[in-house]
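Written out below as structure tokens is the structure these notes cover.
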Amino acid sequence: MNIDRMVLAFAGSMILLSVALAHFVSPYWLWLTVFVGANLLQSSFTGFCPLARILRKFGFKPGHAFPE
């Protein structure tokens with residue numbers, strides 16, 4: 001699995017987790033959804049994604065969205 005797919009899988013997991021936590025625990029968990037969405041939006045414009053850099057250091061192969 002390349003970095004692009006890992007970033008998408010992680011972001012989707014975080015969004016689903018925050019919605020579940022907002023439903024069962026506290027609506028303040030929706031701020032996690034806002035953070036993930038804002039990070040995805042800024043990375044689409046700038047090409048900078050902190051998770052992509054971390055995954056690259058762990059040896060995952062780059063994709064097209066986050067090349068080396």
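Hydrogens, waters and symmetry mates play no part in the numbers below; they use all other heavy atoms, side chains included.
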>> Test question: given the 4.5 Å side-chain rule for I, L, V, M, F, W and Y, name all other residues clustered with F45, or answer none.
In response: L41

> To which residues is L16 joined in a hydrophobic cluster, defined by side-chain heavy-atom contacts under 4.5 Å among Ile, Leu, Val, Met, Phe, Trp and Tyr, whether direct or through other members?
Replying inline: none

> Who are the side-chain contact (heavy atoms from CB on, under 4.5 Å) partners of L17, not counting sequence neighbours?
Replying inline: M14, L21

> Does one hydrophobic cluster hold both I54 and I3, with members joined at side-chain heavy-atom distances below 4.5 Å?
Replying inline: yes

> Got more than 12 heavy atoms from elsewhere within 6.0 Å of CZ, F10?
Replying inline: no

> Among pairs that include at least one residue of residues 1-13, which meet side-chain hydrogen bond (donor to acceptor under 3.5 Å, both in side chains), considering only residues two or more places apart or in two chains?
Replying inline: none

>> Using 0.5 Å steps for rounding, measure from the CE atom of M1 to the NZ atom of K61.
In response: 10.0 Å

> Which value, rounded to the nearest 0.5 Å, describes the distance between C49 atom SG and L55 atom CG?
Replying inline: 8.0 Å

> Closest heavy-atom contact between F48 and S43?
Replying inline: O-CB, 3.2 Å

Which atom pairs, donor and acceptor, lie under 3.5 Å between side-chain atoms of residues 26-40 and protein residues at least two apart or in another chain?
| unit_1 | atom_1 | unit_2 | atom_2 | d |
| --- | --- | --- | --- | --- |
| S26 | OG | Y28 | N | 3.2 |
| T33 | OG1 | S18 | OG | 2.2 |
| N39 | OD1 | Q42 | NE2 | 2.8 |

